[in-house]
Each structure stands twice: as C-alpha cells, then as structure tokens.
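Here is the structure we will look at, set down as structure tokens.
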Amino acid sequence: MATTSEFYIPVKRAHKSRLNEVYWDKLELGTYTSDHMLVWDYSDGWWHTPEIQPFGPFTILPTTLALHYGQTIFEGMKAFRAEGGGVHIFRPDRHYERLVRTTERMCMPTPPAGLFLEGLRRLVEVDKDWVPGQTGTSLYLRPMMFATGTQLTVRVSDSYRFAILCLPAGAYFSRPLRVKIERHFVRAVRGGTGYAKCGGNYGGAFYPTQQAKAEGYDQVIWTDGIEHRHIEEMGMMNIFCVINGALVTPPLGDTLLDGITRDSLLTLALDMGMTVEERQISVDELREGLERHTITEVFGAGTAAVVAPIETIGIDGINYSLTNAESIGSSLKEELDAIRYGRRPDKYGWNSYI
Ligand SMILES: *Cc1c(COP(=O)(O)O)cnc(C)c1O
C-alpha cells in the first residue's frame, strides 16, 4: 500500500461529529454513515484532487447521465478493529482489482491505484473512531462511481464522480435461509455484465427476488442464463456446497462476481486440508445430493454476512432441508474472523493496517 508522503489528500473536517448519535448496541448496516466521505471527480480527461469532506448530499441535475443510462458502479469492503486496537482494511488491493474490471466493462475511467488506496486509508484514518470494536462488527466501506455528464443523449459520459462512504456495521448473524432455485429469471448471461459490480445487476434482480419472497423464500439461487441447468450464485453472494465432504463452488466466468470472500474461504479451506473443487454444479446433482444426503451443507459467501447458511432449498416446487450440522461454513468463518480480529497471525497479508 502507498505511503502517506507520496500523495496529498486535503481534509475538510466536519464541525461536529455525529458519533454520539449512534446506538452501538443495535447497529444495523445502512442506518448510519460516518462523519466524512471521500469525493474525487473526473473530467476533461483527468482525475482532479480527491478530497475528504463532511458527509452530505451531492447536488446533481436531472439530466445527469447515470440516472438515465445506468453508468453506476460500486464496491464493498470492510475495515476491522483487531484485538489490541489496530485498525485495518481487509484486502483493499483485491477490491481495487475488481473495481478496475468493473470500470472497464462500463466504459468508465479507472481511478489510479495509488490514490485510490491512499484515499481509502486516509478516510478510515480520519473516521477511525467509527470502526466499532466488538467482535463481529466492522466499518463497511462503499466506494461508488457514477456518470455526471449532463448532455442528455444515449452516450458514454465524459465526467464522473467517485466517492467512498463509511457505514458502521454490527455483528451479522445470518439465520439459516430458505432459498429457491430460479428456473425462469436470470441475473447474468454470457457476454453480459454479471462479473461487474454495476448498479443495473442489482435493480434487475429485485423483481425475481420479490417473487421468491412472495412464495415464502428469502433469496434465489441463480442458474445459468441459457439452460437454467447449473447453479451460479445466491442473491448477492457466491455459493458453496459441501458434497461428499468436499467444498465445491462454481468456477469464475463472466456471469459470476469474483467474490473476495469466496477467494479467502477457498484459500483457508485448502490450508485446513479440505478437498476443494471449483467446478460446475448442476441442479440435478444438487437434487440428488440432497435426496441422498451426500450434500450436507450449502451456504452463501460475501462481505456482508461472510457465511450465510441455507436450511431449505426449493427445486421445481419441492423443498429440501439441510441441517448444516458440524458446519464447515461456520468453521471457515471462524478462521477468517480470527485473522481479521487479530487472534491469529495474518500469514496471507490480507489485513492492510492504516
Ligand atoms: C459483491 C458480490 C458478491 C460477494 O463479493 P465479496 O467480495 O465476497 O463481498 C457475490 N456476488 C455478487 C453478485 C456480488 O455483488
């Protein structure tokens, strides 16, 4: 990560902190934003100087292109307070690499790595009192970028605003989920934008998810967009199955989001001596495995929950139950948390201390 001396980022401090307005015992992600945000504009072919400012509204014209044609993207990562008090950001370099792929797919300029990483670090430093301390809690970091051009025709914008927001997040214990294999709607198709964290992917997923909720499920498991034969992801998480004791997850491709949690769990599982397979999982294999109990566990993986266990999977109208006994998912989560909260040596160099 870059050193402070290399980049100068001006800081305009908030007159009064809102820290004392926070109910720390009942932290729900999305309720609070920290005192500051980073704002960084791109226009006339270059990136201006990023600035850390008090959190507040943006003024935009109704003709702002992002609102019409959807050039809007984001990232999601977390800062943690490790035992002993040090604050670090978890794998910011990997999140940056994904942001680069997303910007390229959406014809947006890529923020330079050095300033991106230093801006992130400096923002967390300025708002470090917003990083909660109890185990399971974190400061969620939301980089975002949208087209600010206002010449209203269908076109690639020539100006953009990039920002980073910070939101304190409580310990997130996912209750076991009821999910449905989606056989009609699609989230992503080959050649599409599924691998990018762009706004449209999420807006488009709301309708099928609402339908599933009306049927009594929490989420959908997306299947491939052509035959609906292979499983891909679960809601906004990557998916893992334990099949005959092996940890199996679908391989990356342009219809899957390359999750940093997915990568971290795969690394940990290999190191813990588990059999790990990145391969296609068909709905037929899933059904048979659930019937014969050779599939013992299915869970989602993502930054928000880390691991979200599944208790019920609906396949073509039939519900299959999972007990998730002796859960591999929760032992992987424990291992990952131990690294993030500083209880275990960070031998992979994932924690980027500020
Ligand atoms: C963000 C996201 C994930 C999880 O990625 P992480 O880096 O682990 O948070 C998985 N699938 C989708 C569709 C996502 O948007």
Side-chain angles (χ1 to χ4, degrees), residues 29-30 70 72-80 89-103 105-106 120 138-145 164-165 167 169 172 174 177 179 182 185-190 192-209 212 218-225 230-241 247 249-269 278 281 298-308 310 329 332-333 335-337 339-340 348 350-352:
L29 180 65
T72 159
I73 65 168
F74 63 98
E75 261 302 322
M77 67 186 107
K78 283 178 167 179
F80 297 89
I89 304 171
F90 188 71
R91 307 190 76 180
D93 47 340
R94 280 296 298 254
H95 285 277
Y96 176 74
E97 287 165 17
R98 190 168 69 190
L99 181 79
V100 171
R101 295 195 292 275
T102 299
T103 54
R105 181 63 178 81
M106 297 303 290
L120 197 61
S138 59
L139 186 66
Y140 182 81
L141 307 174
R142 166 55 62 90
M144 62 176 284
M145 183 170 158
I164 306 175
L165 320 174
L167 298 89
Y172 187 111
S174 179
L177 300 173
V179 300
E182 181 56 65
F185 296 107
V186 300
R187 189 192 85 88
V189 284
R190 263 181 266 161
T193 57
Y195 69 94
K197 244 175 151 68
C198 59
N201 288 347
Y202 306 87
F206 289 155
Y207 184 76
T209 307
D218 300 299
Q219 278 291 346
V220 300
I221 291 180
W222 302 106
T223 51
D224 71 274
H230 293 103
I231 65 169
E232 298 208 317
E233 292 202 67
M234 180 183 97
M236 284 185 64
M237 286 186 255
N238 293 112
I239 192 160
F240 284 86
C241 300
L247 187 67
T249 193
L252 295 176
D254 65 359
T255 58
L256 247 75
L257 210 285
D258 178 359
I260 316 303
T261 314
R262 175 187 181 278
D263 181 79
S264 306
L265 296 185
L266 286 175
T267 304
L268 291 175
E278 286 179 81
I281 305 164
V298 182
F299 59 88
T303 293
V306 187
V307 164
I310 294 170
L332 287 171
K333 177 182 178 352
E335 199 67 24
L336 187 57
D337 276 349
I339 292 173
R340 303 210 270 204
Y348 313 101
W350 287 342
N351 301 342
S352 179

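Numbering starts at 1 and runs along the sequence shown. Both ligands and their constituent atoms are indexed starting at 1 by order of listing.
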Proximal atoms of ligand 1 relative to [X] (non-hydrogen, under 4.0 Å):
X	answer
R187	13 (C)
M237	10 (C), 11 (N)
G259	5 (O), 6 (P), 7 (O), 8 (O)

How close does the nearest protein non-hydrogen atom get to [atom], and which residue and atom is it?
atom	result
atom 9 (O) of ligand 1	T303 OG1, 2.6 Å
atom 3 (C) of ligand 1	M236 O, 3.3 Å
atom 8 (O) of ligand 1	T261 OG1, 2.6 Å
atom 15 (O) of ligand 1	Y202 OH, 2.4 Å
atom 11 (N) of ligand 1	E233 OE1, 2.5 Å
atom 1 (C) of ligand 1	K197 NZ, 1.4 Å

Flag for S352-D93: side-chain donor and acceptor within less than 3.5 Å
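Short answer, no.
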
Please check if the side chain of [X] supplies one atom and the backbone of [Y] the other of a donor-acceptor pair under 3.5 Å.
X	Y	value
K197	T102	no
D224	H230	yes
T255	R190	no
D263	D258	no
R142	E75	yes

Does some non-hydrogen atom of M77 fall short of 4.0 Å from ligand 1?
no

Please confirm whether R94 comes under 4.0 Å of ligand 1, counting heavy atoms of the residue only.
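So R94 does not count as touching ligand 1.
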
Polar atom proximity, I260 to ligand 1 (N or O, under 3.5 Å):
yes

So for ligand 1, is N238 a polar contact partner (N or O within less than 3.5 Å, distance only)?
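No.
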
Spatial distance of atom CG (L247) from atom CG (L265) [nearest 0.5 Å]:
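Going from CG on L247 over to CG on L265, the span is 7.5 Å.
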
Salt-bridge criterion met for E278 and R262 (N-O under 4.0 Å):
yes

Pick whichever of R262, R98, K78 has a heavy atom sitting closest to atom 7 (O) of ligand 1.
R98

Face-on cation placement of R340 at F90 ring, 6.0 Å and 45° thresholds
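Yes, R340 sits over the ring of F90.
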
